[in-house]
J.: 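Could you have a look at this structure, given as structure tokens, before my questions?
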Amino acid sequence: MSLKGWEWLARSIARSGQSHVFFIDAVLRPTLMALEAQGVQPVLAHSEKGAAYMADGYARVSGRPGIVAAQSVGAANRRRRCRMPGSAACRCWR
């Protein structure tokens with residue numbers, strides 16, 4: 001069986017034990033649908049900054065990394081936020 005990239009990403013996130021992914025409405029539509037099929041809840045945010053704060057709060061409360069799906073411009077902003085002292089662990093993917 002050959003997997004598409006979005007299928008692989010959704011399965012990998014689900015198998016890592018993540019229960020939520022925070023996103024803005026402009027990214028990864030097939031991946032978001034596949035995440036729901038895998039039991040991971042996509043959570044819509046108004047902005048990339050809002051999604052990053054939501055993922056940070058989720059990480060602090062759950063003890064697991066918060067995942068944010070954003071456009072490449074927003075990824076640069078998230079990467080800077082992830083390096084700030086006191087930030088919870090997060091993964092920055094493009």
Side-chain angles (χ1 to χ4, degrees):
M1 180 176 143
S2 178
L3 290 177
K4 296 190 185 295
W6 52 268
E7 292 171 313
W8 177 85
L9 181 59
R11 287 182 184 186
S12 296
I13 290 171
R15 288 180 182 160
S16 73
Q18 296 300 319
S19 59
H20 294 78
V21 171
F22 304 91
F23 74 102
I24 60 168
D25 194 31
V27 298
L28 305 171
R29 291 187 195 278
T31 305
L32 295 170
M33 291 186 297
L35 284 167
E36 281 188 306
Q38 294 288 324
V40 178
Q41 179 63 48
V43 179
L44 176 64
H46 177 70
S47 66
E48 290 159 338
K49 183 178 180 180
Y53 281 119
M54 293 164 73
D56 183 58
Y58 171 82
R60 290 172 190 263
V61 170
S62 70
R64 295 187 301 229
I67 298 178
V68 178
Q71 297 172 331
S72 60
V73 172
N77 293 332
R78 282 187 291 106
R79 186 165 289 131
R80 187 182 74 223
R81 167 86 175 117
C82 291
R83 289 192 205 137
M84 292 175 64
S87 284
C90 65
R91 312 258 171 162
C92 296
W93 297 329
R94 284 189 178 192

J.: What heavy-atom pair brings Pro65 and Ala59 nearest, and what distance separates the two atoms?
T.: C-CB, 4.2 Å
J.: Quick one: CG on Leu32 to CD on Gln41, what's the gap to the nearest 0.5 Å?
T.: 10.5 Å
J.: Could you work out, with ring pair (Phe, Tyr, Trp, His ring centres under 6.0 Å) as the rule, every residue matching Tyr58, not counting sequence neighbours?
T.: His20, Phe22
J.: Once you round to the nearest 0.5 Å, how far does CD1 of Ile67 lie from CD1 of Ile13?
T.: 4.5 Å
J.: Between Ser47 and Ile24, what is the shortest heavy-atom contact and its length?
T.: C-CG2, 3.3 Å
J.: Which pair of heavy atoms, one from Gly50 and one from Ala45, lies closest together, and at what distance?
T.: C-CB, 4.2 Å
J.: Taking all non-hydrogen atoms of both residues into account, name the closest pair between Val43 and Met54 and its distance.
T.: CG1-CE, 3.3 Å
J.: What is the minimum heavy-atom distance between Pro42 and Glu36, and which atoms define it?
T.: CD-CG, 3.3 Å
J.: Any donor-acceptor pair under 3.5 Å linking the side-chain atoms of Arg64 with those of Ser16?
T.: no
J.: State the CG-CD distance between Leu9 and Gln38, to the nearest 0.5 angstrom.
T.: 10.5 Å
J.: Applying side-chain contact (heavy atoms from CB on, under 4.5 Å), can you list everything that pairs with Trp8, at least two apart in sequence or on another chain?
T.: Leu3, Ser12
J.: Check the pair Phe23, Val68 against side-chain contact (heavy atoms from CB on, under 4.5 Å), reporting the backbone distance first and the verdict last.
T.: CA-CA 6 Å; Phe23 74 102; Val68 178; over 6 Å; no
J.: Met33: which other cluster members, linking ILVMFWY side chains closer than 4.5 Å, directly or transitively?
T.: none
